[in-house]
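Please read the structure below before turning to the comments.
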2 protein chains.
Amino acid sequence: MALSTKRTDRRTEALSKERIVEAAIHILDAEGERALTFRALATRLATGSGAIYWHVADKQALLAAATDHILASVMAEVAERSTLNHDAIRTVALGMFDAIEAHPWIGAQLSGDPWQQGLLRILEGIGRQVQALGVPESALFNATTALLNCILGVAAQHAAAERLPRGTERSVYLAAIAERWTQLDLAEYPFVHHLAAQLPGHDDREQFLAGVNLVLAGIESIR
Amino acid sequence: MALSTKRTDRRTEALSKERIVEAAIHILDAEGERALTFRALATRLATGSGAIYWHVADKQALLAAATDHILASVMAEVAERSTLNHDAIRTVALGMFDAIEAHPWIGAQLSGDPWQQGLLRILEGIGRQVQALGVPESALFNATTALLNCILGVAAQHAAAERLPRGTERSVYLAAIAERWTQLDLAEYPFVHHLAAQLPGHDDREQFLAGVNLVLAGIESIR
DNA sequence: CGCGAGAATGGAATGTTGTTCCAGCGGCTC
DNA sequence: GAGCCGCTGGAACAACATTCCATTCTCGCG
């Protein structure tokens, strides 16, 4: 009986790539990117690091799998609210924005490896709509990657914020940046000074959407 | 005399932040990002790692300083060919593109920390021209960061290529990506398949410029 | 001229990390 | 039951960023 119980336990809690990825995501979300080590992961899964390596090639693959897991659910959710063209693009883009905001470590992953599996889902989702918009063949690639750049941009921004000590308030962070900007030489950096003033109280989501709209307007003009 | 000679030598080859940064850039350019370790740096400077730490806070600061060093020279060079508005923006942008292509490790640095000193130079350079373009106050920030996103996008792409084993041919790299794309499920990724066909023989610089032009066109439309 | 304080140096030591290695266990097939 | 194989857990390893410290060098002051 003891044996059978143990076996059941084993089966129930059997190690698998999926279970590993879920544990990794939990650590990443709860304690940040730096806290994800194979030791921490092994502890949380009550096993050794060697066992994890049997399921996952290396840390990069683990992070890629975790990112893909999140992005897949983003696209799945977005796919339900089926809209068309412009609105569809905005919906996908905002879905990405929210995902990156909720899991900032994705930002580092995406900007570090933009052609990884996960982003292809987004490329596909956006590209189809751009195509449906009637963009000429020759400009398809450029228009789609321009939209992707908006996403990579916000990803980079959140990746930077992610590296901060845990629990830093967003407003404090923005204030610190504005502070640094205003300390620059006014004669040399007049424009940056100008921007610093409106940096606090700045809405990321709005900026992101404005960027997307700008690109969409540009696409309209070449259609 | 021996003493004086030794002292002179010391003076000539005295360690300084500048000399350290130059050595770091040399290693980064010659052997890639992964090769830049404090050991390698100490060896190249014929000193110990402790001495380096006296001049540089940590590795992040070193990379930031190296990046800033390059970006400063980019802006200096661009400033000479003084043009206006659209052309000035394109000139700055292309200068950045060329810099990232020549020193791909900058890509990783920029996308990892988009608000670092170095990028502010670019922000300033582009922002002024956007302002001169007559963009309304409320859209200034958004328009400028949208242009920056194009640069961050190409930075991320080169950062990914940088991580590859040394000496990988660009065409081979592109072919490998196209190969991966065509192996995706055609039903699920029709658009990616479509793009894969035109991925080899694809001109990065042109794509970059097209993205910038798209954003510029969008800016025109809200002016 | 000497001498002392602080700047600067070089290399050893420390603590983590990703990764590899291996001895063994459990279930499966003959 | 014997033997193989997928899988496990944890020890061992190499590399790294960073810290520490004993020593040397420089320069200004008495």
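Atom set for the values below is all heavy atoms of this structure, side chains included, hydrogens, waters and symmetry mates excluded. Quick caveat, the model's predicted, so the values are computed rather than measured. Below, chain A is the first sequence line, B the second, and so on; all start at residue 1.
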Touch class at under 4.0 angstrom, heavy-atom based, for A46(B) against every strand present =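 Sugar-phosphate, no base atom in range.
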request  = Using whole Å, report how far CG of L15(B) lies from C1' of dA7(C).
outcome  = 13 Å
ask   = Nearest-Å distance, CH2 (W54(A)) to P (dG10(D))?
value =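 Rounded to whole Å, this separation is 19 Å.
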Distances under 3.5 Å between protein N/O atoms and the N/O atoms of nucleotides 16-20 of chain D, please, pair by pair.
{"residue": "dA17(D)", "atom": "OP1", "partner": "K59(B)", "partner atom": "NZ", "Å": "2.4"}
{"residue": "dA17(D)", "atom": "OP2", "partner": "F38(B)", "partner atom": "N", "Å": "3.1"}
{"residue": "dT18(D)", "atom": "OP2", "partner": "Y53(B)", "partner atom": "OH", "Å": "2.8"}
{"residue": "dT18(D)", "atom": "OP2", "partner": "K59(B)", "partner atom": "N", "Å": "2.9"}
{"residue": "dT18(D)", "atom": "O5'", "partner": "Y53(B)", "partner atom": "OH", "Å": "3.2"}

Side chain to side chain, D68(A) and R121(A), heavy atoms closer than 4.5 Å = yes
key: Expected output: side-chain Q129(B) to main-chain I89(B) donor-acceptor under 3.5 Å   =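 Not a single qualifying donor-acceptor pair exists.
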ask   = Distance-only, no hydrogens or angles: does the Q207(B) side chain make a donor-acceptor pair with backbone N or O of N142(A) under 3.5 Å?
value =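 Checked: no pair found.
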task = Anything under 30° is parallel, anything over 60° is perpendicular, the rest tilted; go ahead and classify W105(B) against H103(B).
result = perpendicular
task = Hey, can you tell me if H158(B) and F97(B) have their rings parallel, tilted or perpendicular (30° and 60° cut-offs)?
result =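 Answer is perpendicular, since the angle exceeds 60°.
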request  = Run the salt-bridge test on D113(B) and R163(A) with the 4.0 Å N-O cut-off and return the result as yes or no.
outcome  = no
query = Looking at H55(B), does any N or O in its side chain come under 4.0 Å of the phosphate oxygens OP1/OP2 on dT9(C)?
reply =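 So the side chain of H55(B) is within the cut-off, an N or O lying under 4.0 Å from OP1 or OP2 of dT9(C).
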